[in-house]
Protein chains: 4
Amino acid sequence: MDSAAGKAAPRKRADARRNEQTLLDAAAAAFLASGVDVPVRDIAAQAGVGVGTIYRHFPTRADLVVAVYRHQVEACAEAGPALLASGGSPHAALARWIDLFVDFLVTKHGLAEALQSDDAAFQSLHAYFLNRLVPVCARLLETAAAAGEVRPEVHAYELMRGVGNLCIGAGRDPRYDARRLVGLLIEGLRPTREE
Amino acid sequence: MDSAAGKAAPRKRADARRNEQTLLDAAAAAFLASGVDVPVRDIAAQAGVGVGTIYRHFPTRADLVVAVYRHQVEACAEAGPALLASGGSPHAALARWIDLFVDFLVTKHGLAEALQSDDAAFQSLHAYFLNRLVPVCARLLETAAAAGEVRPEVHAYELMRGVGNLCIGAGRDPRYDARRLVGLLIEGLRPTREE
Amino acid sequence: MDSAAGKAAPRKRADARRNEQTLLDAAAAAFLASGVDVPVRDIAAQAGVGVGTIYRHFPTRADLVVAVYRHQVEACAEAGPALLASGGSPHAALARWIDLFVDFLVTKHGLAEALQSDDAAFQSLHAYFLNRLVPVCARLLETAAAAGEVRPEVHAYELMRGVGNLCIGAGRDPRYDARRLVGLLIEGLRPTREE
Amino acid sequence: MDSAAGKAAPRKRADARRNEQTLLDAAAAAFLASGVDVPVRDIAAQAGVGVGTIYRHFPTRADLVVAVYRHQVEACAEAGPALLASGGSPHAALARWIDLFVDFLVTKHGLAEALQSDDAAFQSLHAYFLNRLVPVCARLLETAAAAGEVRPEVHAYELMRGVGNLCIGAGRDPRYDARRLVGLLIEGLRPTREE
DNA sequence: AATGAATGAGAGTTCATTCAT
DNA sequence: CATGAATGAACTCTCATTCAT
């Protein structure tokens with residue numbers, strides 16, 4: 001499209017590009033510092049631009065969040081098939097993939113909360129995550145289920161929301177290790193053996 | 001005292017009591033209808049009193065939430081020893097107790113969220129729950145661990161926060177069954193058997 | 001108490017009353033100075049109160065405008081029947097009533113504009129004026145038409161809007177005498193005599 | 001149309017012309033659709049140019065409005081002497097001329113409002129209309145006054161503003177017939193006959 | 001000469017909390 | 001003691017206008 005090494009961009013996109021990058025960097029910093037609910041003004045100030053600029057580039061807050069984290073989400077999505085193909089047991093692949101997902105969530109202050117929120121501003125964020133990652137997770141689950149390594153009754157959506165929930169507030173409290181609990185949850189997915 | 005015909009008598013105690021009860025009822029109703037984040041004004045309106053009255057009785061929102069749910073929290077706390085004494089396996093006792101806790105959380109719109117929030121207004125709510133229920137849970141965990149039925153590395157605080165997190169948003173989405181996930185988490189607590 | 005002239009108002013309304021009056025005075029002043037579109041904040045500042053106070057008393061801008069001018073609108077409405085009963089010709093009564101209406105409009109900076117605006121914020125203002133004054137005007141027109149002193153094809157609504165329109169911008173420009181034009185319009189209402 | 005192959009030729013003049021015409025067409029369309037207050041951006045989008053281009057060609061909104069309607073204003077201006085010369089009574093000539101003016105105003109959504117507004121952006125529009133049309137109207141009025149067919153005390157400026165005002169909002173409300181009221185106003189210009 | 005990205009003032013609105021009555 | 005009016009900070013969103021490319 002933008003062709004090969006991508007050059008076709010019409011003239012002065014270079015500037016806008018750079019500016020957008022500045023915006024994304026500032027937003028990322030602001031999200032880290034104050035969570036994804038940080039006031040738009042703060043991000044603008046951080047970036048040294050006017051609020052209008054942010055609204056131009058990202059009409060809704062969710063658009064901004066998506067843009068900030070798109071690469072990492074993509075990476076997470078692509079890791080699913082790779083892990084399945086890498087030769088370990090399906091349950092192990094699932095566990096590792098979930099681990100990547102947790103990595104992502106726990107390092108993003110407030111992202112897990114936003115994913116659960118039914119706030120209108122985050123509906124598109126919600127949709128983006130679901131559309132991109134649920135199928136990946138579903139594939140992992142199905143494979144593991146087919147191999148008899150996880151119970152069949154849990155669906156990808158439910159599992160991901162559960163993991164997302166477990167990550168809420170992680171990192172704010174040393175007594176709470178989200179990753180450990182997620183590990184237990186994944187362990188609990190195994191079919192019960194007879195006593 | 002305030003019975004009979006008494007008017008000038010020191011009737012205030014009874015009056016205040018009744019008033020406080022009205023408040024608690026109204027708050028309970030408002031919490032159910034709109035979650036624990038419901039505007040203070042709405043609760044006041046529901047109770048037919050001024051907002052000032054609420055602030056007088058319950059300086060912080062958390063105080064109000066605590067008061068509303070104190071009975072149920074108490075019941076939950078007392079159920080712990082009872083379950084342990086009732087003869088089942090320690091793991092089963094733990095599972096049943098967690099179930100009670102989930103019952104409580106999922107029927108209280110927004111309570112799970114409030115428990116995780118680090119909002120200053122909820123700090124006392126936080127403390128109350130922790131002080132009352134963590135020891136109970138810890139006792140159950142220890143007993144089960146001593147019997148070799150759960151891994152020893154999980155602490156009560158962590159487990160309860162995990163369960164609380166899993167309950168966030170429960171009931172708002174038919175595709176998400178918090179109780180099932182909690183069940184998996186509890187199942188995951190069991191020590192790994194050799195393959 | 002608030003007894004005396006007997007006014008069942010419950011207790012401390014006295015204060016709120018006074019405050020509301022302050023608000024109305026400030027709003028009237030602000031309307032005069034900057035028109036009825038003056039920002040809510042400015043009115044609040046003028047009155048020395050917070051913006052919230054204005055929203056509490058008058059949820060919409062139109063409510064405020066109505067309140068400010070209600071007395072004068074009432075007076076105008078009541079003058080209609082009085083003029084009819086006062087013995088002059090019906091056309092003269094109509095002319096004098098329109099004059100009162102013009103008095104009102106031209107002394108209120110921007111009110112005439114607001115009456116024409118289809119801005120949602122003014123819909124209730126619109127309705128108030130129409131409901132109150134159109135019937136009064138209609139009565140005057142009918143009487144004059146029955147006496148053969150005005151053409152029958154003009155309706156009260158149309159006439160009032162026409163007069164309102166003529167008053168737009170009156171007082172801002174010494175070369176424009178709205179009252180004279182209104183006079184011509186009313187004169188033009190007379191049936192044509194044969195040449 | 002970009003014609004032949006010419007690229008480096010001194011095409012700018014033609015280019016600029018065409019561009020300006022595109023702008024005027026787009027503005028006319030936008031004015032019709034949303035009134036003369038339509039956001040500058042919308043016009044630019046309609047024309048397929050940047051907002052800067054509009055500002056370059058027409059520094060103020062009024063300049064744009066003037067340009068869009070210049071032809072019709074010219075036509076209106078030229079019709080005055082023609083009507084006077086066409087042999088009818090001076091009052092009839094005035095009436096017909098006013099009719100042309102109304103034609104113009106009522107077909108231009110929001111133009112009448114803009115003419116009255118004291119918004120700085122419309123000062124030049126104001127001036128243009130006045131400079132061009134007031135003398136024409138004055139001539140018609142004087143002629144009719146000299147013939148004893150209209151009262152002498154009304155000035156052209158006043159009359160035109162009155163007519164303009166009566167046209168505000170015309171077409172938006174079926175109960176309001178601006179043309180009828182204008183007709184009454186013009187009729188009211190006749191000197192009073194003795195009773 | 002054209003572009004459209006950036007600016008930033010300003011409007012409306014909400015609600016936790018205080019305090020005079 | 002109860003009341004609820006008042007406060008005002010905080011937030012979102014919209015454009016007219018400027019200016020670097």
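No hydrogens, no waters, no symmetry mates; every other heavy atom, side chains included, goes into these values. Being a predicted model, the structure only gives us computed values, none of them experimental.
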- Query: Taking the nucleotide of DNA chain F with the closest heavy atom to each, which residue, A:V40 or D:R61, is nearer the 5' end?
  - Reply: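 The residue closer to the strand's 5' end, by nearest nucleotide, is A:V40.
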- Comparing C:V49 and B:G50 on DNA chain F - which has the more 5′ nearest nucleotide: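 Between the two, 5'-proximity favours B:G50.
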- Query: With respect to the side chain of A:N19, which nucleotide from E:dA6, F:dT14, E:dT7 is positioned closest?
  - Reply: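 Looking only at side-chain atoms, A:N19 lies closest to E:dA6.
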| Taking the side chain of C:V51 as its heavy atoms from C-beta onward, which of E:dT14, E:dT17, E:dG12 lies nearest to it? |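 So the side chain of C:V51 is nearest to E:dT14.
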Check your understanding: Which residue lies toward the 5' end of DNA chain E, A:R56 or B:R41, if each is placed at its nearest nucleotide?
Key ->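 Of the two residues, A:R56 wins.
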Practice task
Report the residue (D:G52 or A:G48) whose heavy-atom-nearest nucleotide on DNA chain E is the more 5′ of the two.
Solution key: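 Checking each residue's closest nucleotide, the 5'-ward one belongs to D:G52.
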Separation of [N] [atom2] from [X] [atom1] (nearest whole Å):
{"X": "B:F58", "N": "F:dA2", "atom1": "CZ", "atom2": "P", "answer": "11 Å"}
{"X": "C:Y55", "N": "F:dC11", "atom1": "OH", "atom2": "C1'", "answer": "13 Å"}
{"X": "B:L23", "N": "F:dA2", "atom1": "CG", "atom2": "C1'", "answer": "11 Å"}
{"X": "D:Q46", "N": "E:dG4", "atom1": "CD", "atom2": "P", "answer": "16 Å"}
{"X": "A:I54", "N": "E:dT7", "atom1": "CD1", "atom2": "P", "answer": "9 Å"}
{"X": "B:D63", "N": "E:dT17", "atom1": "CG", "atom2": "C1'", "answer": "15 Å"}
{"X": "D:D42", "N": "E:dG4", "atom1": "CG", "atom2": "P", "answer": "15 Å"}
{"X": "A:I43", "N": "F:dA10", "atom1": "CD1", "atom2": "P", "answer": "17 Å"}

Does a side-chain N or O of C:T53 approach OP1 or OP2 of F:dA5 to a distance below 4.0 Å, or not?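 No, outside the criterion.
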**Study point:** Distance below 4.0 Å between B:H57 side-chain N/O and F:dC1 OP1 or OP2
**Key:**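 Answer no for this pair, as no side-chain N or O of B:H57 is under 4.0 Å from OP1 or OP2.
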Practice prompt. Write down the partner of E:dA1 under the Watson-Crick or G-U wobble criteria, each distance required to be under 3.5 Å.
Written response: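 None - no nucleotide pairs with E:dA1, as no candidate has both distances under 3.5 Å.
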Now, which nucleotide makes the Watson-Crick or G-U wobble pair with E:dA20, with each of the two distances under 3.5 Å?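 Answer to the pairing question: F:dT3, which forms a Watson-Crick or G-U pair with E:dA20.
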Quick check: closest heavy atoms across B:F122 and B:V36, and the distance to 0.1 Å?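 Looking at all heavy atoms of both residues, the closest pair is CZ-O, 4.5 Å.
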Item to check | Flag for D:D42-D:Q46: side-chain donor and acceptor within less than 3.5 Å | outcome: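 D:D42 and D:Q46 do not have a side-chain donor-acceptor pair below 3.5 Å.
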| task | Would you kindly say whether A:T22 and A:N19 are connected by a side-chain donor-acceptor distance under 3.5 Å? | result |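 No donor-acceptor contact under 3.5 Å links the two side chains.
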query = Less than 4.5 Å apart, any side-chain heavy atom of B:L64 and any of B:F31?
reply =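 Sidechains of B:F31 and B:L64: in contact.
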* With no hydrogens and no angle check, is any side-chain donor or acceptor of A:R61 less than 3.5 Å from a backbone partner on A:V38? ->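 Such a contact is found between A:R61 side chain and A:V38 backbone.
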